[in-house]
Amino acid sequence: VFVYDHGHSGMGNGEAYTGLSARASFPITILPACDNTCPSDLEVMQTFYADLDGPSWLENSNWMDGDPCKNAWHGLECTQGKIISISLPHNNLNG
């Protein structure tokens, strides 16, 4: 299991950490570790690409080519097989 800090703990912005306590009062997300991109993330990204006219994007490097995390699909950031960020500004997304 990977714990992702949303930047509210004062421990850094979006960094992994392992020291949890019962007094933790900041938002965290518990992410399952996957060897490849987690199947639910892959399905969502395939739908995202189709619904937002991915073939017409200005930059769609590696999209729909195998595993999104291992093949570094443009604009995605992954941690332990879990997509944690999508950044596709000014990329002609339509939908």
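By convention here, the first residue in the shown sequence is residue 1.
The hydrophobic cluster containing I86 does not contain I84, counting ILVMFWY residues as joined when their side-chain heavy atoms lie under 4.5 angstrom apart, directly or transitively.
Across all non-hydrogen atoms, the minimal contact from G95 to L52 is CA-CD2, 3.9 Å. Closest non-hydrogen pair, L42 versus G66, comes out as CD1-O, 4.3 Å.
Taking the side chain as every heavy atom from C-beta outward, Y49 and L93 never approach each other to under 4.5 Å. Between S85 and L76 there is no side-chain heavy-atom pair separated by less than 4.5 Å. When side chains are defined from C-beta on, N91 does not count as touching P89, because their heavy atoms never get closer than 4.5 Å.
The SG atom of C38 sits 12.0 Å away from the CE atom of M45 when rounded to the nearest 0.5 Å. How far CG of L88 is from CG of N60: 10.0 Å, rounded to the nearest 0.5 Å. To the nearest 0.5 Å, the span separating SG on C78 from CD1 on I83 amounts to 5.0 Å. Distance check, rounded to the nearest 0.5 Å: CG of D41 to SG of C69 gives 7.0 Å.
Counting only residues at least two apart or on different chains, the ring-ring contact (aromatic ring centres under 6.0 Å, His included) pairs with a member in residues 69-95 are W63-W73.
Side chain of E59 to main chain of S61: a donor-acceptor pair is present (N/O by atom type, distance under 3.5 Å, no hydrogens or angles).
Within a 6.0 Å sphere centred on CD of E43, other residues, nucleotides and ligands contribute 12 heavy atoms or fewer.
A side-chain donor from one of T37 and D67 sits under 3.5 Å from a side-chain acceptor of the other.
Shown here are the side chain to side chain contact (heavy atoms under 4.5 Å, CB included) partners of D65, two or more places apart in sequence or in another chain: N62, N71.
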